[in-house]
Amino acid sequence: MKYLNVAEKNDAAKNIAQHLSRGTSRRREGYSQYNKIYEFETEVMGQQCQMVMTSVSGHLLALEFVGAYKGWQSCNPMVLFDAPVFKYCPENYEKIKKTLEREVRGCQGLIIWTDCDREGENIGFEIIDVCTAVKSNLRIFRAKFSEITAVSVRRALQNLEQPNKNISDAVDVRQELDLRIGAAFTRFQTLRLQRVFPNKLAESLVSYGSCQFPTLGFVVERYRAVENFVSEPFWKLKINHTINNLSVDFAWERIRLFDRDSCQVLHDICLESPQAKVCEVKTKPKSKWRPLPLDTVELEKLASRKLKINAKETMRLAEKLYTQGFISYPRTETNEYPKEMNLPQLVGFQTGDPNWGAFAQNILDTGGPTPRQGNKSDKAHPPIHPTKYTNNLSGNEKLLYEFIVRSFLACCSKDAQGQETTVTIEVAKEKFSASGLMITARNYLEVYPYDKWSSKEIHVYENGQTFNPTSIDMLDGNTSPPNLLTEADLIALMEKHGIGTDATHAEHIETIKNRSYVALADAIHFVPGLLGMGLVEGYDAMGLTMSKPHLRAQLEADLKAISEGRKQPQQVLAEQIAKYREAYETVTMEANKIDAALAERFCERPNEYVPTAETLPINMPAAMKCPKCGADMVVRQKKNNADEFYISCMSFPNCKNAVWLPSIVKSILVLSDTCPTCGPNYKMLKFEWRNNSISHLYPPPYTTCIGGCDTTFLELLRINLASVRAVSDSNRQTQTTNSTRMQANNRQVTSSNWTNTRPRETPAPVMSARQNPSVNSTQPRQFVPPPAANMNNQPRMPVPRSSGSGMGTDDNNVICGCNQPAKLLVVKKQTANHGKKFYKCQVGKDNGGCDFFLWASESVENQVQNPYDTPPSSSWSNSTPSHSRDSAADNSDEVKCNCGIPSKKVTVYKEGPTKGKQFYGCTKDMGSRCDFFQWADSGSVTEWSSSSSSRGRGQGRGRGRSGGSGDGPRGVRHCSLCKQPGHTRTRCPNNNS
DNA sequence: GCAAGGTC
């Protein structure tokens with residue numbers, strides 16, 4: 001039987017192998033130079049076995065988002081709460097993995113020797129995953145040990161257990177949450193604030209982490225306590241008794257009074273009968289305790305306080321001392337020495353030192369080390385102690401080594417002893433006391449200069465004795481604020497609230513310094529930076545407790561519950577993600593509060609933040625229920641135009657209902673309130689406008705509902721009622737009567753005719769089923785209504801002017817099936833069509849667009865006009881809704897457009913329910929024409945259009961050739977070849993092609 | 001370029 005044994009680090013593997021083999025293990029190289037292989041034979045479960053022992057270096061695998069979500073611009077950070085993640089082996093760990101894979105092949109069993117803590121259990125499962133992938137029928141065991149001593153590891157081998165999946169699961173949950181939450185908030189904050197404060201933050205990384213933010217919170221909280229502190233005056237009495245140059249001050253039992261007059265009265269009374277009478281003299285032994293065995297947190301705090309070396313630097317130095325073999329492993333939570341440790345030997349190593357050697361020797365000579373014992377153990381590492389002697393160090397390395405040695409020796413010696421005498425006196429019934437101290441044995445203080453304990457002399461007093469005080473004074477003072485936090489205070493707070501681990505406190509502090517969230521005010525005390533302060537204030541203003549420690553504390557409690565099998569990891573994950581997602585939604589919606597707070601701190605005007613597609617909230621609370629399919633409809637941003645929004649159905653592509661919003665909509669916020677008129681399916685929406693064109697009518701932020709209760713607003717925004725509510729025939733009638741002909745009448749949309757369901761902004765036809773007998777009445781005929789007409793009784797709506805959609809609308813006026821300006825392309829292939837121009841949907845079918853295709857030769861080169869092709873921007877910029885389309889429709893013989901000139905009649909050539917229908921449009925060039933539109937007589941499907949409609953889609957050559965624009969008398973179609981009316985080019989007798 | 005946790 002051969003076992004592969006894997007420890008968490010090489011050091012552990014080496015020592016475990018040493019102990020188990022009783023010093024006979026053989027060492028050979030693995031693929032990783034840092035992780036050696038140790039071989040020996042020993043008995044496992046009563047059987048002599050071959051043992052191969054190696055190690056990893058902490059976590060072998062890392063967690064990451066799959067490729068599509070790695071790029072900061074690749075997605076909205078919101079999706080990081082759900083985006084797929086995977087575990088992989090980072091490149092610099094591949095060698096370790098390879099060693100495991102190679103070595104396990106020859107083994108039948110696997111024994112996990114990782115540290116016996118939460119992370120260690122998880123690392124164990126990473127090792128198991130890697131090994132079982134190579135060899136599936138392994139016998140797997142877990143060795144449990146509390147320290148790496150011969151007794152401990154041999155006992156562990158004799159009591160092999162099974163790895164604990166619950167504990168490992170807890171770590172998986174922590175990792176996943178840390179990654180998702182950290183990445184989502186960090187990307188959001190960074191991407192936004194870099195743009196809002198380019199002068200200050202263009203290059204900054206504005207990170208968020210569940211440990212770094214509470215750490216920042218501690219600094220801010222203390223800063224505020226200092227800032228808000230209101231000093232109060234107080235008064236107190238003090239008695240002095242000086243004889244033979246020895247001055248003894250007696251402190252008042254009342255300590256102090258906040259009322260001057262009261263204090264003055266008591267002072268006067270004391271002065272009237274000033275004789276003091278000793279009422280009690282108490283003498284008792286007093287000791288000053290030697291330090292506890294050193295754990296990481298204590299090392300960091302004391303190094304910071306006593307040596308003025310910050311925690312991060314301390315750990316760096318300690319790591320170095322450790323790898324050089326001078327001290328034990330510096331990351332430990334243990335502050336009690338295991339019984340098995342050979343402390344006299346360790347003390348003995350130090351006896352040669354000129355400064356503390358004698359003290360060390362004295363420990364050995366006077367009964368040996370008797371360390372004070374703490375009550376914490378990580379069951380993995382002993383307290384930090386020197387492992388060998390050196391005097392070849394310099395600088396802070398020397399300082400730190402010396403501190404660790406002195407601390408160890410102090411801990412192994414005895415408490416300092418003394419006698420304290422407390423004398424209580426009475427003057428005019430007011431009590432005062434003074435105390436003196438006589439140190440009788442300095443003990444550990446001899447080797448530990450970091451503690452101060454000094455004698456204080458006092459006169460010899462006897463009970464009942466009276467004397468006349470030298471002075472009775474009334475002193476005044478003011479209460480003072482607490483001190484700002486030192487690094488040691490900060491570490492203590494982190495430890496107290498469970499923020500980070502002993503191994504990471506220093507890193508979190510370093511991080512928030514590097515992020516400019518905090519800084520050292522005077523080399524000792526932390527103050528929040530402008531950025532840190534503004535962030536906390538921003539989150540506070542949202543009512544979020546991101547900077548408070550309890551979010552992390554709650555997670556720790558949940559992780560404990562998972563470890564103990566009381567909670568399911570999936571449940572915790574789901575709960576925590578839901579909690580943070582909710583917070584994230586709040587943050588994205590109220591991010592202006594962060595802007596505002598930072599603006600104030602920076603004294604800088606925030607740039608207007610225009611969200612990009614990546615940063616726009618998605619998966620937002622539903623703005624409404626889809627009237628077509630009942631699914632949620634959410635606000636989204638156009639993929640290719642970050643400036644424009646639409647509200648689309650979540651069941652896309654099955655349902656393609658969408659509400660397209662004009663470019664004047666700068667932002668849209670879904671509120672939690674529902675519309676009292678339209679009902680619970682419609683949320684109230686808060687709009688901000690991009691320009692001021694409608695601000696006087698709808699002052700921003702304008703909150704409304706788009707469910708149909710405010711038709712004026714819908715008309716202004718050119719929102720088709722049918723896309724926001726299920727419109728019945730009866731209410732269609734009503735609405736048609738009441739407010740122009742805005743409402744489309746379809747109730748259903750099927751994906752097959754999606755291409756016609758969302759024209760917007762284009763002054764597109766309004767029609768009813770009856771007007772289009774060629775189309776089944778259940779088929780959609782959803783068109784965005786033209787701007788409000790016949791609004792004589794209503795205030796005139798100004799039409800927002802588009803700032804230009806930036807979608808290439810200047811280049812062409814061809815609209816694709818998505819009702820978006822199509823893209824003009826050139827055939828590159830060396831075919832018969834090489835060099836020929838054509839139009840395609842610019843989004844592309846693969847990206848959710850349509851498969852629109854049209855040769856450009858006719859539509860562009862011939863400059864054929866077709867209002868249907870009017871791009872959205874020109875409709876916005878040109879439309880003048882003052883005209884009456886109804887009146888125009890009455891005059892069908894010579895229909896004039898908005899320019900007052902006769903219009904032309906053209907035919908819809910676009911695929912869809914209106915294909916073949918004719919309508920009137922402006923005859924001018926596309927740059928100057930108006931957006932006039934009017935259907936021609938219903939049912940007038942001409943021979944031309946019906947024949948053309950029988951063409952396959954994509955050939956489309958007839959499109960735009962509809963009217964004989966410029967070829968003959970306006971309003972009458974003429975053949976483009978022979979110029980004769982009554983037929984078209986395709987049916988022209990002169991057409992020989 | 002993100003987190004926090006291991007560790008070289």
Side-chain angles (χ1 to χ4, degrees), chain A residues 7-14 30 32-36 55-65 69-75 77 80-81 83 85 87 89-90 92-93 95-96 114-115 117-127 168 170-194 201-215 296 315-316 318-320 322-324 329-331 378 380-381 494 498-512 514-515 546 551-552 555-556 559 576 580 614:
Chain A
E8 191 164 319
K9 46 195 162 279
N10 179 64
D11 186 51
K14 183 176 76 183
S32 157
Q33 60 167 311
Y34 303 108
N35 303 83
K36 311 295 184 190
S55 59
V56 288
S57 292
H59 280 288
L60 182 60
L61 306 178
L63 193 68
E64 186 54 280
F65 294 109
Y69 301 90
K70 274 186 186 165
W72 281 45
Q73 312 289 343
S74 68
C75 64
L80 298 177
F81 288 112
V85 290
K87 274 196 173 182
C89 182
N92 54 340
Y93 285 82
K95 285 180 174 174
I96 296 173
T114 48
D115 293 355
D117 54 17
R118 211 163 67 187
E119 298 294 330
E121 207 65 23
N122 187 265
I123 294 167
F125 275 89
E126 292 174 357
I127 295 164
S168 174
V171 173
D172 283 336
V173 168
R174 178 198 60 72
Q175 285 179 340
E176 192 172 331
L177 288 172
D178 284 343
L179 176 66
R180 291 188 186 285
I181 297 163
F185 280 92
T186 299
R187 287 188 196 178
F188 174 79
Q189 289 183 165
T190 304
L191 293 174
R192 181 185 180 98
L193 295 175
Q194 283 183 345
L201 302 174
E203 304 297 323
S204 299
L205 175 63
V206 191
S207 65
Y208 173 84
S210 53
C211 288
Q212 47 180 272
F213 249 57
T215 307
T296 304
M315 291 314 291
R316 191 190 67 79
E319 187 77 42
K320 203 170 165 197
Y322 166 67
T323 53
Q324 291 172 292
Y329 185 64
R331 284 191 283 266
D378 60 16
H381 309 285
M494 293 170 77
I499 302 302
T501 67
D502 58 314
T504 60
H505 292 146
E507 287 174 31
H508 298 315
I509 295 173
E510 191 70 7
T511 300
I512 60 172
N514 290 340
R515 300 280 185 268
M546 312 300 281
L551 284 176
R552 182 75 192 185
L555 172 60
E556 287 295 333
L559 296 181
Q576 291 280 337
Y580 277 93
E614 292 75 39

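Chain identifiers are assigned alphabetically (A, B, ...) following the order of the sequence lines, protein sequences preceding nucleic acid strands; residue numbering begins at 1 within each chain. If you're wondering where the values come from, they're calculated on a predicted model, not measured in any experiment.
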A.B. asks: Tell me what A:T501 touches on the nucleic acid: a base, only sugar-phosphate, or nothing, going by heavy atoms under 4.0 Å.
C.D. replies: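 Result for A:T501 = sugar-phosphate.
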A.B. asks: Would you say the base of B:dC2 and the side-chain of A:E64 have a donor-acceptor pair closer than 3.5 Å?
C.D. replies: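 Present.
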A.B. asks: Touch check for A:R118, heavy atoms < 4.0 angstrom, all strands: base, sugar-phosphate only, or nothing?
C.D. replies: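 Touches nothing.
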A.B. asks: Is the aromatic ring centre of A:W72 closer than 5.5 Å to the centre of the six-membered base ring of B:dG1, with the two planes inclined by less than 30°?
C.D. replies: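 Stacking between A:W72 and B:dG1: present.
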A.B. asks: Is any side-chain nitrogen or oxygen of A:Q212 closer than 4.0 Å to OP1 or OP2 of B:dA3?
C.D. replies: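 For A:Q212, the contact criterion (side-chain N or O under 4.0 Å from OP1 or OP2 of B:dA3) is met.
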A.B. asks: Students often get this wrong, so: under 4.0 angstrom with heavy atoms, is A:Y329 touching a base, only sugar-phosphate, or nothing?
C.D. replies: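 If one applies the 4.0 Å heavy-atom cut-off, A:Y329 turns out to touch the sugar-phosphate alone, with no base involved.
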A.B. asks: Considering just the side-chain nitrogens and oxygens of A:R552, establish if one lies under 4.0 Å of OP1 or OP2 belonging to B:dG5.
C.D. replies: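 Affirmative; the distance criterion is met.
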A.B. asks: Calculate, to the nearest 0.5 Å, the distance between atoms CG and CD belonging to A:D115 and A:E121 respectively.
C.D. replies: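 One gets 10.5 Å once the value is rounded to the nearest 0.5 Å.
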A.B. asks: Please check the phosphate of B:dC8 (OP1 and OP2 only) for any side-chain N or O of A:S57 closer than 4.0 Å.
C.D. replies: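 Checking A:S57 against B:dC8: at least one side-chain N or O falls below 4.0 Å of OP1 or OP2.
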A.B. asks: By nearest atom, which of the nucleotides B:dG6, B:dA4, B:dG1 is closest to the A:A503 side chain?
C.D. replies: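 Of all the options, the side chain of A:A503 is nearest to B:dG6.
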A.B. asks: Select base, sugar-phosphate, or nothing to describe what A:F185 touches, counting heavy atoms under 4.0 Å on all strands.
C.D. replies: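 No contact at all - A:F185 keeps every heavy atom at 4.0 Å or more from the nucleic acid.
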A.B. asks: Between A:S207 and A:Q189, is the side-chain hydrogen bond (donor to acceptor under 3.5 Å, both in side chains) condition met? List the steps.
C.D. replies: CA-CA 7 Å; A:S207 65; A:Q189 289 183 165; over 6 Å; no
A.B. asks: At 4.0 Å (heavy atoms only), tell me whether A:R331 reaches a base, stays on the sugar-phosphate, or touches nothing.
C.D. replies: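 Answer is base: heavy atoms of A:R331 come under 4.0 Å of a base.
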A.B. asks: Using a heavy-atom cut-off of 4.0 Å across all strands, would you classify A:A184 as base, sugar-phosphate, or nothing?
C.D. replies: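 Counting heavy atoms under 4.0 Å across all strands, no contact is made by A:A184.
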A.B. asks: Is A:L63 touching bases, backbone alone, or none of the nucleic acid, heavy atoms closer than 4.0 Å?
C.D. replies: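 Base contact - A:L63 has a heavy atom under 4.0 Å of at least one base atom.
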A.B. asks: Counting the atoms with a prime plus P, OP1 and OP2 as sugar-phosphate, which does A:E8 contact under 4.0 Å by heavy atoms, base, sugar-phosphate, or nothing?
C.D. replies: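 A:E8: backbone/sugar contact only, no base atoms under 4.0 Å.
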A.B. asks: If only side-chain N and O atoms of A:Q189 are considered, is one of them under 4.0 Å from the OP1 or OP2 phosphate oxygen of B:dC2?
C.D. replies: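 No, no such contact exists.
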A.B. asks: With rounding to the nearest 0.5 Å, note down the distance linking SG in A:C75 to OH in A:Y69.
C.D. replies: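 A:C75 SG to A:Y69 OH: 7.0 Å, rounded to 0.5 Å.
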A.B. asks: So A:D178 and A:S210, side-chain hydrogen bond (donor to acceptor under 3.5 Å, both in side chains) or not? Walk me through it.
C.D. replies: CA-CA 7 Å; A:D178 284 343; A:S210 53; 3.3 Å; yes
A.B. asks: Nearest to the side chain of A:Q194, which nucleotide is it out of B:dG1, B:dG5, B:dA3?
C.D. replies: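 Taking heavy atoms from C-beta onward, the closest nucleotide is B:dG1.
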A.B. asks: Compare side-chain N and O positions of A:S32 against OP1 and OP2 of B:dC8 and report whether any pair is under 4.0 Å apart.
C.D. replies: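 False: A:S32 side-chain N/O out of range (4.0 Å or more) of B:dC8 OP1/OP2.
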A.B. asks: Touch check for A:S210, heavy atoms < 4.0 angstrom, all strands: base, sugar-phosphate only, or nothing?
C.D. replies: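 The residue A:S210 makes sugar-phosphate contact but no base contact.
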A.B. asks: Does the side chain of A:T511 get closer than 4.0 angstrom to OP1 or OP2 of B:dA3 through an N or O atom?
C.D. replies: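 No, A:T511 has no side-chain N/O under 4.0 Å of OP1/OP2 on B:dA3.
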A.B. asks: According to a strict under-4.0 Å criterion, is A:H508 in side-chain N/O contact with OP1 or OP2 of B:dG5?
C.D. replies: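 Looking at the OP1 and OP2 atoms of B:dG5, one of them is under 4.0 Å from a side-chain N or O of A:H508.
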A.B. asks: Any base atoms under 4.0 Å from A:G120, or only sugar-phosphate, or nothing? Heavy atoms, all strands.
C.D. replies: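 Contact class for A:G120: none.
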